[in-house]
Trainee: 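Right, I'll just put the structure down here and ask away after.
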Amino acid sequence: MKKAIKKITLYLFVFGFFLIINSGFKFDSWVSLFQTLFFTLMTLLLISQPWLKKAFVVLSMILFFIMVVFFILDFIDIANFFGSLGFGILIISSLFYLPKLLKYGYI
């Protein structure tokens with residue numbers, strides 16, 4: 001029972017954090033709510049499965065490539081969606097690499 005309460009509390013805390021950072025508690029756009037949910041689930045997945053860091057970095061690069069394609073085709077709103085999603089994934093994934101970089105003295 002304590003594990004379930006801890007997981008729910010962690011999920012709500014992370015969701016609230018990303019809701020503040022990503023959308024500022026504005027529910028006017030489904031895109032920002034989707035991104036908030038995706039960032040929350042990705043963060044919780046990286047906490048429980050840290051070996052997925054490389055996969056999320058690759059996913060962010062794929063999203064950046066899709067962003068470039070849509071930008072060239074002049075679909076700016078779609079390019080903005082994929083770009084901001086890719087950038088958020090890259091930032092969150094890189095934060096999980098930070099302890100290792102500090103340990104080996106690269107930072």
Side-chain angles (χ1 to χ4, degrees):
M1 186 67 166
K2 285 186 178 183
K3 280 188 174 185
I5 292 172
K6 285 181 184 180
K7 286 183 181 182
I8 291 170
T9 305
L10 180 64
Y11 176 79
L12 291 175
F13 176 75
V14 172
F15 181 75
F17 175 75
F18 283 122
L19 195 61
I20 291 170
I21 297 296
N22 193 33
S23 63
F25 283 119
K26 293 182 182 176
F27 297 109
D28 58 349
S29 173
W30 287 101
V31 172
S32 64
L33 187 61
F34 171 76
Q35 286 178 346
T36 302
L37 284 171
F38 187 80
F39 293 155
T40 302
L41 293 175
M42 189 190 85
T43 303
L44 294 176
L45 190 62
L46 282 175
I47 289 171
S48 65
Q49 307 287 328
W51 55 272
L52 288 173
K53 292 183 282 194
K54 186 176 180 180
F56 281 118
V57 171
V58 170
L59 177 65
S60 70
M61 294 301 140
I62 291 169
L63 289 173
F64 283 141
F65 178 75
I66 293 171
M67 176 199 66
V68 169
V69 169
F70 279 116
F71 187 78
I72 290 172
L73 295 174
D74 201 29
F75 295 113
I76 304 300
D77 292 332
I78 299 171
N80 183 30
F81 171 73
F82 284 112
S84 59
L85 190 63
F87 186 71
I89 292 171
L90 185 65
I91 293 296
I92 294 169
S93 298
S94 64
L95 287 176
F96 280 89
Y97 278 108
L98 194 60
K100 195 174 202 178
L101 293 173
L102 288 172
K103 178 182 175 183
Y104 292 125
Y106 294 125
I107 295 179

Trainee: Please answer: with hydrophobic residues joined when any side-chain heavy atoms are less than 4.5 Å apart, are Phe87 and Ile21 in the same cluster?
Mentor: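 Cluster IDs for Phe87 and Ile21 match.
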Trainee: Pairs of donor and acceptor atoms involving the side chains of residues 90-107, under 3.5 Å and at least two apart or interchain, shall be tabulated with distances.
Mentor:
residue: Ser93; atom: OG; partner: Ile89; partner atom: O; Å: 2.9
residue: Ser94; atom: OG; partner: Leu90; partner atom: O; Å: 3.1
residue: Ser94; atom: OG; partner: Ile91; partner atom: O; Å: 2.8

Trainee: Is Ile76 reachable from Trp30 through a run of I, L, V, M, F, W or Y residues, each pair having side-chain heavy atoms under 4.5 Å apart?
Mentor: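 No.
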Trainee: Is it true that Ile66 and Phe75 fall in one hydrophobic cluster, defined by side-chain heavy atoms closer than 4.5 Å?
Mentor: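 Yes.
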Trainee: Determine which pairs satisfy side chain to side chain donor-acceptor pair (under 3.5 Å) with at least one residue from residues 38-66, sequence neighbours left out, and list them in order.
Mentor: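 Found Gln49-Trp51.
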Trainee: Listing request: all side chain to side chain donor-acceptor pair (under 3.5 Å) pairs with a residue in residues 69-85, at least two apart in sequence or in separate chains.
Mentor: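 Non-adjacent pairs meeting side chain to side chain donor-acceptor pair (under 3.5 Å): Gln35-Ser84.
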Trainee: Which residue pairs satisfy the ring pair (Phe, Tyr, Trp, His ring centres under 6.0 Å) criterion with at least one member in residues 53-74, sequence neighbours excluded?
Mentor: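 Ring pair (Phe, Tyr, Trp, His ring centres under 6.0 Å) check on residues 53-74 returns Phe70-Phe82.
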Trainee: Quick one: side chain to side chain contact (heavy atoms under 4.5 Å, CB included) partners of Leu10, sequence neighbours excluded?
Mentor: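 Val14, Leu44, Ile47.
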Trainee: Once you round to the nearest 0.5 Å, how far does CE of Met67 lie from CE of Met61?
Mentor: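 Going from the CE atom of Met67 to the CE atom of Met61 covers 10.5 Å.
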Trainee: Find the distance between CZ (Phe34) and CG (Asn22) and round it off to the nearest 0.5 Å.
Mentor: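 Taking CZ in Phe34 and CG in Asn22, the distance rounds to 11.5 Å.
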Trainee: The criterion is side chain to side chain contact (heavy atoms under 4.5 Å, CB included); which residues satisfy it with Ile5, sequence neighbours excluded?
Mentor: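 Partners of Ile5 under the side chain to side chain contact (heavy atoms under 4.5 Å, CB included) test: Met1, Thr9.
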Trainee: CZ/Phe15 to CG/Leu41 distance, rounded to the nearest 0.5 angstrom?
Mentor: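 Phe15 atom CZ to Leu41 atom CG measures 9.5 Å (nearest 0.5 Å).
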Trainee: How close do Phe18 and Phe39 get, heavy atom to heavy atom, and via which atoms?
Mentor: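 Looking at all heavy atoms of both residues, the shortest contact is CE1-O, 3.6 Å.
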